[in-house]
Amino acid sequence: MANIVLIHGLWLTPLSWEGWKERFEAKGHTVQAPAWPGMEGTVEELRANTKPYERLGVKEITDHYDGIIRGLDSPPIIMGHSFGGLVTQLLLDRGLGAAGVGVDPAPIKGILGLPYSSLKVASVALKNPANRNRAVMLTPEEFHYGFTNTLTAEESKPIYDRLAVPGPGRTLFQAGLANFNPNAVTRINRHNSSRAPLLLLAGGKDHTVPASTVRAAYKIQKKSVAVTELKEYPERSHYTVSQDGWEAVADHALDWAVSNARS
């Protein structure tokens, strides 16, 4: 049985992984879903007080999980959603993990021409430079556009109420402006042949990280001789980890990771 570490995305908490965690544990795996640093607590607590995490950046988040993973007794399977998928790739680039799965991963450096829908979601933070040092909350309408666009607004609102939290704006500035920064924290070594196997999952209905962005990441990662695969789900949104039918996505991710994990 495997160790598994699940990394949540921006505007969410480990609660977003509840189904995957329970499903993997029922199969006998040991699963951790730690929060980003400073984001331990309930959704209500995180909404009420953003100070502990409002200045978080990609490196701080990656270093946090780096420390957790190095403390395990064996290299885990690392799975991340959205910005957690970006962090997963950065951790694999550091030589960590037995295998990695990026679910609708935020862009690594080198992806050009982000689609309009991505920019629309990211503009929640990017429209104001002061948001580099703030946590920014999505409105119910913005959450519906960015995450649950395959549902009605009425179906989306209870999901927003249960899961959504403010997200540190710095992460969006770092990812969005990475191609203008030679030392971008989202940079990976595209020729790192020693990294663990990587599976990227894309959703055809995803507004936040469209499938074209995930395909572009795949092309960059494929320059390594390490195992790299891409799977697209044409009807899935950015809410894919909990969207109806998530079980099939979770099972494919787990089966692939277990089959390809390096010893």
Side-chain angles (χ1 to χ4, degrees), residues 2-18 20-21 24-25 29-41 46 50 52-109 135 163 165-175 178 183-189 192 194-201 209 214 217 221 226 228 241 250 253-254 256-258 260-262:
N3 278 327
I4 301 173
V5 174
L6 304 175
I7 307 175
H8 66 87
L10 188 68
W11 292 306
L12 297 172
T13 75
L15 186 61
S16 62
W17 284 118
E18 61 183 339
W20 292 49
K21 187 173 187 294
F24 294 166
E25 287 175 338
H29 301 288
T30 300
V31 186
Q32 296 186 55
W36 290 8
M39 295 190 69
E40 302 81 7
L46 295 171
T50 64
Y53 65 92
E54 62 188 7
R55 292 173 180 263
L56 269 183
V58 172
K59 184 178 186 302
E60 291 78 16
I61 297 165
T62 306
D63 288 347
H64 174 68
Y65 288 98
D66 184 307
I68 291 170
I69 289 167
R70 291 185 192 277
L72 299 176
D73 57 8
S74 62
I77 291 168
I78 308 170
M79 297 188 185
H81 171 237
S82 192
F83 262 90
L86 166 61
V87 171
T88 295
Q89 294 176 78
L90 294 172
L91 291 167
L92 263 59
D93 196 51
R94 294 184 181 190
L96 298 172
V101 180
V103 184
D104 305 335
I108 54 176
K109 180 179 178 177
L163 295 180
V165 296
R170 184 180 298 272
T171 59
L172 287 164
F173 281 89
Q174 290 175 325
N183 300 310
V185 293
T186 61
R187 177 180 177 274
I188 59 102
N189 176 6
N192 184 358
S194 64
R195 71 154 166 80
L198 173 66
L199 171 65
L200 298 175
L201 302 180
V209 185
V214 184
Q221 291 281 14
T228 311
V241 294
L254 179 63
W256 186 95
V258 169
N260 287 279
R262 61 185 184 186

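Along the sequence shown, residues are numbered consecutively beginning with 1. This is a predicted model, so every value here is computed, not measured.
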pair Leu72-Thr30: side-chain heavy atoms closer than 4.5 Å
no
Looking only at heavy atoms, what is the nearest atom pair of Arg262 and Ala196, with distance?
NH1-N, 3.4 Å
Could you go through residues 95-104 and list every donor-acceptor pair under 3.5 Å that involves a side-chain atom there, pairing it with any protein atom two or more places apart or in another chain?
from	atom 1	to	atom 2	distance (Å)
Asp104	OD1	Gly203	N	3.4

With no hydrogens and no angle check, is any side-chain donor or acceptor of Thr50 less than 3.5 Å from a backbone partner on Ala135?
no
Run the side chain to side chain contact (heavy atoms under 4.5 Å, CB included) test on Asp66 and Arg70 for me, step by step, so that the C-alpha distance in whole Å, both residues' side-chain angles and the decisive distance to 0.1 Å come before the verdict.
CA-CA 6 Å; Asp66 184 307; Arg70 291 185 192 277; 2.5 Å; yes
Give the intermediate values and the outcome of side chain to side chain donor-acceptor pair (under 3.5 Å) for residues Arg195 and Thr228.
CA-CA 10 Å; Arg195 71 154 166 80; Thr228 311; 2.4 Å; yes
For a 4.5 angstrom cut-off between non-hydrogen side-chain atoms, does Ile69 reach Pro76?
yes
Walk me through it: do Ile4 and Leu254 pass the test side chain to side chain contact (heavy atoms under 4.5 Å, CB included)?
CA-CA 9 Å; Ile4 301 173; Leu254 179 63; 3.7 Å; yes
Using the side chain to side chain contact (heavy atoms under 4.5 Å, CB included) rule, take Thr62 and Val185 through it: C-alpha gap first, then chi angles, then the decisive distance, then the call.
CA-CA 10 Å; Thr62 306; Val185 293; over 6 Å; no
Would you find a donor on one side and an acceptor on the other, under 3.5 Å apart, between the side chain of Arg187 and the backbone of Lys109?
no
Start with the C-alpha distance between Asn3 and Asp73, add both sets of side-chain angles, then the distance that settles side chain to side chain contact (heavy atoms under 4.5 Å, CB included), and finish with yes or no.
CA-CA 9 Å; Asn3 278 327; Asp73 57 8; 3.2 Å; yes
Salt-bridged, Arg94 to Asp63, with N to O below 4.0 Å?
yes
Whether the side chain of Tyr65 engages the backbone of Pro34 through a donor-acceptor N/O pair (distance < 3.5 Å, no angle test) should be reported.
yes
So Thr186 and Pro107, do their side chains get closer than 4.5 Å, heavy atoms only?
no
Residue list, side chain to side chain contact (heavy atoms under 4.5 Å, CB included) with Glu60, at least two apart or on another chain:
Leu56
Might you point out which heavy atoms bring Tyr53 and Pro166 nearest each other, and give the distance in Å?
CE1-O, 3.3 Å
Counting only N and O atoms by type, is there a donor-acceptor contact under 3.5 Å from the side chain of Gln174 to the main-chain atoms of Leu172?
no
Reference residue His8; test ring pair (Phe, Tyr, Trp, His ring centres under 6.0 Å); the match among Trp36, Trp20, Phe83
Trp36
Given side chains that start at C-beta, do those of Val214 and Leu201 come closer than 4.5 Å, heavy atoms only?
no
The reported gap from CD1 in Ile77 to CG in Leu199 (rounded to nearest 0.5 angstrom) is 11.0 Å
Distance-only, no hydrogens or angles: does the His64 side chain make a donor-acceptor pair with backbone N or O of Ala35 under 3.5 Å?
yes
